[in-house]
Amino acid sequence: MDLDKIVVSRAFPISRVRNLGIAAHIDAGKTTTSERVLFYTGVSYKMGEVHDGAATMDWMAQEQERGITITSAATSCVWKEHKLNLIDTPGHVDFTVEVERAMRVLDGAVAVFCAVGGVEPQSETVWRQADRYRVPRLAFVNKMDRVGADFSRCVKMMTDRLGTTPVPLQLPLGSEEDFQGVIDLLAMEAIRYGDEAFGSEFSCEPIPDEYRGEAERARERIVEAAADSDEELMERYVAGDEIATEEIKAALRKATIALEIVPVLCGSAFRNKGVQPLLDAVVDFLPSPADAPPAMGYLPVCDEGDEPEEISCPPADDAPVLAYAFKIMSDPHVGSLTYVRVYSGTLKAGASVHNPRTGKKERINRLLRMHANKREEIQEAYSGDIIAVIGLKKTATGDTLTDLARPVLLESLVAPTPVISIAVEPSSPVAEDKLHTALGRLALEDPSFRVSTDQETGQCLISGMGELHLEIIVDRLRREFKVEASVGRPQVAYREQMLRAAEIEYRHVKQSGGRGQFAVVKILFEPSETEGLEFESAVFGGSVPREYISAVKSGIELGMKDGPLSGFPVTGVRAVLLDGQHHEVDSSDMAFQRASLMAFREACRKAGMALLEPVMELEVVVPVDFVGDVIGDLNSRRGKMSGIDTRGVTRVVRAEMPLVEMFGYATALRSMTQGRGTSTMQFARYVAAPPAVAAVLCGKERAA
């Protein structure tokens, strides 16, 4: 691409662009908040409600029927001469990869918390995801109109459970049914909303006397937080000088972008109160692409043994193109849509880009600005933009798109490992090819969804993050791809692990005329806390040449795919290559791979193996009358209680539960609580399965 011929004509300077996501626990009000944002910014002429199945951002039929967000939806809007690229993410743990890939490309986020529930399990999960990618955040305490709403408790939970430093910029004006608006602690005024005009009309008034003392104390804490992040302000604060509001805002913005504080606001999105100040805070405190650290990539080709050279790619429209494909979506009309974040350069419709992973060129047929499932065709996309591309045929989630003159690779996405599988079979032999094609397209869309074949039965297995995840997949097969499939009982993704250390020396010698195979390895195997394989070589003197070390590792990895107990993958292995022998003629990669594979299998027999099962963290919210029934049921399902909290008029029962015992739990909970109980779960860890469970899965003689 000839950089001299690029004509930059962007409507918004990069300093006035905000790429943000809205993330939270399920049912905290993310999508309702997003709908209000679209209404107040003029994108939508009416407010869509989640409970009516009319939310703009929940456009999938499955989302509208269930009243939950399943896939991340992107849109763009304008607020006070700033362009906001907004991604509404799911809150259900089964779709956590949607949050993961959104956080990967965002510059900022709004974390929504329920004023009644506070920091809930999935709130902690999305917070950790934002921490992983160092995404600055605002917090919005929603549902202040609900019975049991407690703003102060929610702020305290952010400190206790998330380990962050929340700085409230607002206080609620009333609460529960008396919630009328918010107290702006920077402007020191009360913002009171009427019940008409959908929250578009509000009045700014003096702070009522009963709130004045609390507001002044809270304002003082804001000034302290601002002074802590700026030495000059600290000196003036200690000296007792007056600090202007704009100076406080600038210091808070600096501290927010540096991840030192989290500004906290409050409101009720459903009652149309507090959303406009939230938009103001997005503009004031969240970073633009120019404020965020530059994208760091590395050269895809380097000499063996060298560390990849890291390259900084700051946002600039006239730089070589650097973009990241973070989401693939099947579209019945255009085939495949690739969602892309442009980090530098200018993407043009009709241009070609280079994919360093495949080494292939791809042509950009069309560029689209997305509004949920609606789209607007554009001709150019600039650094900082989030858009969709039509025409990329070999690009997968996590791929980098670059200029051929600068083939930089960005860090790819790490997808979570599926924990549950089911068998699917086509309803007729004619539909088999159609089924596999559809599953392939769905797997390309969703990195947390896997398709495999059972080697013993020949069945097609689909694996995902939970029952709901796989239920949605099967529903999409029927609706979108017109494939009828029979579904088997869910299968849990168990693991196997060594019980003790074992040192094995294995000789692989094979001679059958011509060149033979010769390899000797001496390997120490021991259990490890690390997931997967932790491998190192302690060989000195060339007894195992350097070029065969990788073959030793790959042989162990091959053996770990099928454990000796029941064919489940082996995890948590540390292997140290201690010594070995080679032959100048007969040694090869294949010989050393075979030797290490057989050494691993022998180590499994010698060390003994344990079956591990996935355990979930479960949170059940029920009326107090049903607590006893719920606890009794959890105990019968091998649940381990971890605590009971009071949340308004309900009780929150927390427990750890084996995943295999969770099948059908949502239905059972509704039955025992007259439909008034709700539950959420997330993966916690793998633990050793009880002997009775291991005996059923592995056979009594092998489990022993």
> Looking at D131 and R137, does any basic side-chain N land under 4.0 Å from a carboxylate oxygen?
Replying inline: yes

> Taking 4.0 angstrom as the limit, do E81 and R16 come out as a salt bridge?
Replying inline: yes

>> I'd like to know if the side chain of Y133 pairs up with that of E100 as donor and acceptor (distance under 3.5 Å, no hydrogens or angles considered).
In response: yes

> Which residue, K327, R104, K30, forms the salt bridge (charged side-chain N to carboxylate O under 4.0 Å, His left out) with E98?
Replying inline: K327

> Under 3.5 Å, side chain of D385 to main-chain N/O of I387, donor-acceptor pair present?
Replying inline: no

> What distance separates E124 CD from W127 CH2, expressed to the nearest 0.5 Å?
Replying inline: 11.0 Å

> Do R253 and D291 meet the salt-bridge criterion of a basic N to acidic O distance under 4.0 Å?
Replying inline: yes

> So does D280 pair up with K80, basic N to acidic O under 4.0 Å?
Replying inline: yes

>> Under 3.5 Å, is there a donor on one side chain and an acceptor on the other for N85 and R18?
In response: no

>> Tell me whether R161 is salt-bridged to D645, with the criterion being a basic N under 4.0 Å from an acidic carboxylate O.
In response: yes

> Would you say R128 has more than 12 foreign heavy atoms packed within less than 6.0 Å of its CZ?
Replying inline: yes

> Can a cation-pi geometry be assigned to R341 and F326, taking NZ or CZ under 6.0 Å from the six-membered ring centre and within 45° of the ring axis?
Replying inline: no

> Should L401 and T395 count as side-chain neighbours, where that means a heavy-atom distance under 4.5 Å?
Replying inline: yes

>> Quick check: closest heavy atoms across V275 and A269, and the distance to 0.1 Å?
In response: CG2-CA, 4.2 Å

> Should the pair F202 and Y193 be assigned to parallel (<30°), tilted (30 to 60°) or perpendicular (>60°) ring geometry?
Replying inline: tilted

>> Is there a side-chain contact (heavy atoms from CB on, under 4.5 Å) between D241 and Y237? Walk through the geometry before answering.
In response: CA-CA 6 Å; D241 295 344; Y237 175 71; over 6 Å; no

>> For E205 and E189: C-alpha separation, side-chain torsions, deciding distance, then whether side-chain contact (heavy atoms from CB on, under 4.5 Å) applies.
In response: CA-CA 6 Å; E205 309 170 356; E189 61 185 13; over 6 Å; no

> In terms of side-chain geometry, is the basic nitrogen of R236 or E247 positioned less than 4.0 Å from the acidic oxygen of its partner?
Replying inline: yes

> Is it the case that more than 12 heavy atoms not belonging to E376 sit under 6.0 Å from its CD atom?
Replying inline: yes

>> To the nearest 0.5 Å, what is the distance between CD on E35 and OH on Y40?
In response: 12.0 Å

> Of the options L322, T402, L410, which is the one that meets C313 in a side-chain contact (heavy atoms from CB on, under 4.5 Å)?
Replying inline: L322

> If you round to the nearest 0.5 Å, how far is CD1 of I328 from CD of E445?
Replying inline: 8.5 Å

>> So for atom CD, which belongs to E220, do other residues, nucleotides or ligands contribute more than 12 heavy atoms lying within a distance under 6.0 Å?
In response: yes

> Mind checking whether S229 and I261 have side chains closer than 4.5 Å, heavy atoms only?
Replying inline: no

> Charged N to carboxylate O under 4.0 angstrom, E619 versus R654?
Replying inline: no

>> Using side-chain heavy atoms (C-beta onward) and a distance below 4.5 Å, is V78 in contact with T41?
In response: no

>> side-chain contact (heavy atoms from CB on, under 4.5 Å), that's the test. Do R219 and E216 meet it? Break it down for me.
In response: CA-CA 5 Å; R219 161 90 180 189; E216 289 176 349; 5.5 Å; no

>> Could you check whether R685 pairs with E656 (Lys NZ or Arg NE/NH1/NH2 to Asp/Glu carboxylate O, under 4.0 Å)?
In response: yes

>> Under the criterion side-chain contact (heavy atoms from CB on, under 4.5 Å), I'd like the reasoning laid out for T400 against V408: C-alpha separation, chi angles, the key distance, then a yes or no.
In response: CA-CA 8 Å; T400 307; V408 177; 5.6 Å; no

